[in-house]
Asker: 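One structure, pasted below without further comment.
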Amino acid sequence: MPSKKTKKLTQNRKYSFFDDVFEVVKLIPKGRVTSYGAIAAYLGTRGSARMVGWAMNVTSSDVPAHRVVNSQGLLTGKHHFKPPSAMEKRLKAEGVGVKNDKVMKFEEFFWDPRREL
DNA sequence: AATCTGACGGGCA
DNA sequence: GTGCCCGCCAGAT
């Protein structure tokens, strides 16, 4: 379920955008990662990759945001986690190698919603 | 009310 | 191959 902020958004405006983002992120298989751009592209709003990250900011509770990195496989959002190391730690716990804030073998772990969904 | 910024990405110089 | 710039859209100041 959407958080208060997202609920407000989806109620006041018909922005299913955020909800769609959450839905897609929730569907990311454990041990796999995807990128903001990939999600945005899947939703049809290719240029709104930034908004995907924004969505993570308002949710961050029921959504595995740690499985979403930028197109380079870089953990750019780790700084927004309670302990910034939580993101990396979780990924590693799921079997995703992380080195220097970057997902190792990114292409191998990459989960493209357009391809997988 | 206006302006800036932000967990991005792609195109052009 | 690197670097700068622009678009995207909502939220915060």
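Chain letters run A, B, ... following the sequence lines, proteins first and then strands; every chain starts at 1. Treat the numbers as computed from the prediction; the structure is a model and nothing was measured.
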Asker: Can you pull out the residues from residues 90-117 of chain A that lie within a 4.0 Å heavy-atom distance of DNA chain B?
Answerer: none
Asker: Check the distance between B/dA7's P and A/Arg50's CZ and give it to me in whole angstrom.
Answerer: 8 Å
Asker: Let me have the donor-acceptor pairs involving side chains of residues 94-110 of chain A, under 3.5 Å, with sequence neighbours excluded, atom names and distances please.
Answerer:
from, atom 1, to, atom 2, distance (Å)
A/Glu94, OE1, A/Gly31, N, 3.2
A/Glu94, OE1, A/Arg67, NE, 3.0
A/Glu94, OE2, A/His66, NE2, 3.1
A/Glu94, OE2, A/Arg67, NE, 3.3
A/Glu94, OE2, A/Arg67, NH2, 2.9
A/Asp101, OD1, A/Lys78, NZ, 2.9

Asker: Could you state the atom-to-atom distance from CG of A/Asn70 to P of C/dC8 in whole Å?
Answerer: 21 Å
Asker: Please report, rounded to the nearest Å, how far the C1' atom of C/dC9 is from the CE atom of A/Met56.
Answerer: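 These atoms are roughly 15 Å apart.
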Asker: Does any part of the side chain of A/Val58, heavy atoms only, come nearer than 4.5 Å to the side chain of A/Phe18, both counted from C-beta?
Answerer: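 Yes, at least one pair of side-chain atoms sits under 4.5 Å.
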Asker: Measure from CG on A/Leu74 to P on B/dA7 and round the result to the nearest Å.
Answerer: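 About 13 Å, once rounded to whole Å.
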Asker: Expressed in angstrom and rounded to an integer, what is the separation of A/Phe18 atom CZ from B/dA7 atom P?
Answerer: 14 Å
Asker: With a 4.0 Å heavy-atom cut-off, tell me which residues in residues 36-48 of chain A come close to DNA chain B, sorted by residue number.
Answerer: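 Only A/Tyr36, A/Gly37, A/Arg46 qualify.
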Asker: Figure out the CH2/C1' separation between A/Trp54 and C/dC8, and round it to whole Å.
Answerer: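 For the pair A/Trp54 CH2 and C/dC8 C1', the rounded distance is 13 Å.
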Asker: Kindly give the heavy-atom pair with the smallest separation between A/Lys26 and A/Pro64, and that separation in Å.
Answerer: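 Answer, listing the atom of A/Lys26 first, then A/Pro64: CA-CD, 4.1 Å.
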Asker: Would you list the pairs meeting ring-ring contact (aromatic ring centres under 6.0 Å, His included) in which at least one residue belongs to residues 78-97 of chain A, sequence neighbours left out?
Answerer: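 Non-adjacent pairs meeting ring-ring contact (aromatic ring centres under 6.0 Å, His included): zero.
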Asker: Output all residues satisfying salt bridge (Lys or Arg N to Asp or Glu O under 4.0 Å) with A/Glu116, sequence neighbours left out; order by chain, then residue number.
Answerer: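 For A/Glu116 the salt bridge (Lys or Arg N to Asp or Glu O under 4.0 Å) partners, ignoring immediate neighbours, are A/Arg32.
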Asker: Residues two or more places apart in sequence or in another chain: which of them pass salt bridge (Lys or Arg N to Asp or Glu O under 4.0 Å) with A/Arg115?
Answerer: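 By the salt bridge (Lys or Arg N to Asp or Glu O under 4.0 Å) rule, A/Arg115 matches no residue at all.
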Asker: Under the salt bridge (Lys or Arg N to Asp or Glu O under 4.0 Å) test, which residues partner A/Lys92, sequence neighbours left out?
Answerer: A/Glu88
Asker: Give a yes or no on whether the backbone of A/Ala38 and the side-chain of A/Ser35 come within a donor-acceptor separation of less than 3.5 Å.
Answerer: yes
Asker: Is A/Ser71 near enough to B/dG9 that one of its side-chain N or O atoms lies under 4.0 angstrom from OP1 or OP2?
Answerer: yes
Asker: How far does the C1' atom of B/dA7 sit from the matching atom of C/dT2, given to the nearest Å?
Answerer: 24 Å
Asker: Going by the rule side-chain contact (heavy atoms from CB on, under 4.5 Å), which residues pair with A/Asn70 if we only count those two or more places apart in sequence or in a different chain?
Answerer: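 Residues passing side-chain contact (heavy atoms from CB on, under 4.5 Å) with A/Asn70: A/Tyr36, A/Gln72, A/Leu74, A/Thr76.
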Asker: Can you measure A/Met87 atom CE to B/dA7 atom C1' for me and round it to whole angstrom units?
Answerer: 8 Å
Asker: Quickly work out the A/Lys78 NZ to B/dC8 P distance and round it to whole Å.
Answerer: 14 Å
